[in-house]
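One structure is given below, encoded as structure tokens.
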Amino acid sequence: MKIICVGRNYAAHAAELNNPVPTEPLLFLKPDTACLLDGWPLYYPEFTNDLHYEVELLVKICKNGKHVQPKFARDYYKEVSVGIDFTARDLQEQCKANGHPWEIAKAWNNSAVIGTFIPYEEALNPAGNIDFSLTKNEAIVQEGNTGQMLTDIDALICYISKFFMLKRGDIIFTGTPKGVGAVAVGDKLEGFIGKQSLMSCSIK
Ligand code: MG
């Protein structure tokens, strides 16, 4: 499986890092070795001094496809969850300044926390969107709603599948809302869809 990540999919998050809002989705990949399952600890990597959490809505692909057309996009996912796109922000700033790829800042071992998946329909709020959030040491640090996405899930599937064949089991990290921040050893992060806890990770 592979992990396809979307950058800057929420305008307020692009603004908090002083980035322009992209006109098309910004994509990057994480390898399967980046996966960290729900409940497992993350050991603070030695190569960064500024480890950040980014909570994101995750979409699990249920069908193989290339060049997916908009009217069929909904057929490609049945389950969603929340996860964390852990980022070595100091390394990412260096990569950006040098015009280099982001992988050493974002795609390292265990940098992608994967929550427990639930059916898409179960995740929807009455307005037909998905509310998700992250707590750090039991205080809310990030809240997002899929209605705020610059590119919605179906459009992401169409766009991504133009470049990368989607395969069953692939996971899309759909971008983080505002409120990203640093973690320290001893912190505990917990991710929610609505009020349902689907992911936890302690920093060791
Ligand atoms: Mg992210």
Side-chain angles (χ1 to χ4, degrees), residues 1-36 38 42 45 47-48 50-61 77 80-96 100-115 117 130-136 140-153 155-157 159-160 163-164 170-183 187 189-193 198-199 201 203:
M1 60 83 73
K2 60 186 173 292
I3 297 169
I4 306 116
C5 300
V6 183
R8 302 177 199 166
N9 202 19
Y10 291 81
H13 167 65
E16 73 179 346
L17 294 183
N18 295 314
N19 289 314
V21 171
T23 51
E24 290 199 303
L26 189 165
L27 303 181
F28 61 96
L29 301 177
K30 298 197 190 215
D32 56 3
T33 47
C35 290
L36 183 67
D38 175 32
L42 177 74
F47 47 76
T48 179
D50 195 19
L51 178 64
H52 273 208
Y53 54 79
E54 296 188 358
V55 72
E56 310 204 1
L57 184 86
L58 310 188
V59 175
K60 189 190 278 184
I61 297 299
Y77 60 97
V80 294
S81 188
V82 276
I84 299 178
D85 167 20
F86 272 119
T87 302
R89 194 69 74 198
D90 43 1
L91 285 187
Q92 188 193 25
E93 293 302 326
Q94 286 172 26
C95 293
K96 282 161 65 178
H100 291 168
W102 286 356
E103 276 77 2
I104 61 165
K106 284 207 171 258
W108 36 273
N109 298 335
N110 299 343
S111 60
V113 186
I114 313 280
F117 282 85
I130 300 172
D131 298 303
F132 61 102
S133 59
L134 182 75
T135 61
K136 182 171 94 169
I140 291 181
V141 287
Q142 283 191 279
E143 288 179 288
N145 176 278
T146 53
Q148 303 162 340
M149 286 179 168
L150 296 170
T151 306
D152 68 19
I153 296 171
L156 286 174
I157 284 175
Y159 184 79
I160 290 167
F163 301 95
F164 308 113
D170 288 348
I171 294 172
I172 303 174
F173 274 61
T174 59
T176 195
K178 73 172 167 30
V180 301
V183 289
D187 285 343
L189 301 168
E190 190 169 5
F192 298 81
I193 287 181
L198 297 174
M199 181 224 87
C201 179
I203 312 298

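Source: prediction; values computed, not measured. Order of listing sets the numbers, starting from 1, for every ligand and every atom in it. In this chain, numbering begins with 1 at the start of the sequence shown.
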>> Could you tell me if Ser133 and Gln142 have a donor-acceptor pair between their side chains, going purely by distance under 3.5 Å?
In response: no
>> Strictly under 2.8 Å, how many protein N, O or S atoms lie near the Mg ion (ligand 1)? Waters don't count.
In response: 3
> What closest approach, in Å, do Val113 and Phe173 show between heavy atoms, and which atom pair accounts for it?
Replying inline: O-CZ, 3.6 Å
>> The test is side-chain contact (heavy atoms from CB on, under 4.5 Å); show your working for Asp152 and Thr146 and say whether it passes.
In response: CA-CA 7 Å; Asp152 68 19; Thr146 53; over 6 Å; no
> Would you say Ser81's side chain and Leu58's backbone share a donor-acceptor pair under 3.5 angstrom?
Replying inline: no
> Does Lys2 NZ have over 12 foreign heavy atoms under 6.0 Å away?
Replying inline: yes
> Is Lys30 salt-bridged to Asp85, going by a charged N under 4.0 Å from an acidic O?
Replying inline: yes
